[in-house]
Amino acid sequence: MVTKVVVFIILTLAIYLFIAGHNQPGGGFISGLVLSSAFVLLYLSFDVETVNSGLPLNFVVVAAVGVFLSVTTGFLAIFNGKSFLTHTFTSKTFPLIGKTEMGTVTLFEAGVSLAVVGVVVTIILGISEDV
């Protein structure tokens, strides 16, 4: 019972670190580490089959999607005639939200976070299979 509450708190912290990472310490890497700690806690509290049946993720694919997303944001700048990984920003006005700034750095950080989660959980699961 405690694990479910703690995992919720860890997931909330990971989201906070991801969002706050642009103006304060945090970002994609540390939020990925915190997020992977939530998965590791689930795997430690419950058995692997139970977690995989409730959350059918292949973490190698998660890591690959994260790397693809990060590299794709780098190539978007090349298509716009800029250097690799030059981030662009724009602002849009949405009906209920209002004026919102959007940038490719958020996509890059999301890719980094997914890559870190995929790699860390894959390593931990690989180590646990050997034990």
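- No more than 12 heavy atoms of other residues, nucleotides or ligands shown are found within 6.0 angstrom of CZ on Phe68.
- When all heavy atoms of Ser83 and Thr86 are compared, the pair lying nearest together is O-OG1, 2.8 Å.
- When all heavy atoms of Gly111 and Leu69 are compared, the closest pair comes out as N-CD2, 3.7 Å.
- Criterion: ILVMFWY side-chain heavy atoms under 4.5 Å apart, direct or through other members. Under it, Ile30 and Val105 are not part of a common hydrophobic cluster.
- Counting all heavy atoms, side chain and backbone alike, Phe18 lies closest to Thr106 at CZ-O, 3.8 Å.
- With hydrogens and angles disregarded, a donor-acceptor distance shorter than 3.5 Å links the side chain of Thr104 to the backbone of Thr88.
- Partners of Leu44 according to the side chain to side chain contact (heavy atoms under 4.5 Å, CB included) rule, which considers only residues two or more places apart in sequence or in another chain, are Val40.
- When atom types are taken as modelled, the side chain of Ser128 and the backbone of Leu125 share a donor-acceptor pair closer than 3.5 angstrom.
- No more than 12 heavy-atom neighbours from other residues, nucleotides or ligands sit within 6.0 angstrom of OH on Tyr16.
- Open room surrounds CZ on Phe79; 12 or fewer heavy atoms of other groups in view lie less than 6.0 Å from it.
- Hydrophobic clustering (ILVMFWY, side-chain heavy atoms < 4.5 Å, transitive): Val117 and Val6 are in one cluster.
- Formation of a donor-acceptor pair under 3.5 Å by the Ser70 side chain with backbone atoms of Val112 is found in this model.
- The hydrophobic clustering, which links ILVMFWY residues whose side-chain heavy atoms are closer than 4.5 Å, places Leu107 and Phe29 apart.
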Residues Phe46, Thr3; criterion side-chain contact (heavy atoms from CB on, under 4.5 Å); working and verdict: CA-CA 9 Å; Phe46 306 102; Thr3 301; 4.2 Å; yes
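- The shortest heavy-atom contact between Val67 and Ala115 is CG2-CB, 3.9 Å.
- Both Val34 and Val51 belong to a single network of hydrophobic side chains, linked directly or stepwise wherever heavy atoms of I, L, V, M, F, W or Y lie under 4.5 Å apart.
- Proximity of Val120 to Phe59: side-chain heavy atoms (C-beta onward) are nowhere separated by under 4.5 Å.
- Annotation: side chain of Ser45 is in contact with side chain of Leu41 (closest heavy-atom distance under 4.5 Å).
- A side-chain contact (heavy atoms from CB on, under 4.5 Å) with Phe39 is found for exactly one of Leu55, Ile10, Ile124, Val62, namely Leu55.
- In the displayed structure, Tyr43 atom OH is contacted under 6.0 Å by more than 12 heavy atoms of other residues, nucleotides or ligands.
- Remark: the backbone N or O of Glu109 is not paired with any side-chain donor or acceptor of Ser113 at under 3.5 angstrom.
- Clustering ILVMFWY residues whenever any of their side-chain heavy atoms sit less than 4.5 angstrom apart, transitively, puts Leu13 in the very cluster that holds Val7.
- When each of Val5, Thr12, Leu11 is tested with Ile9 by the rule side-chain contact (heavy atoms from CB on, under 4.5 Å), just one qualifies, namely Val5.
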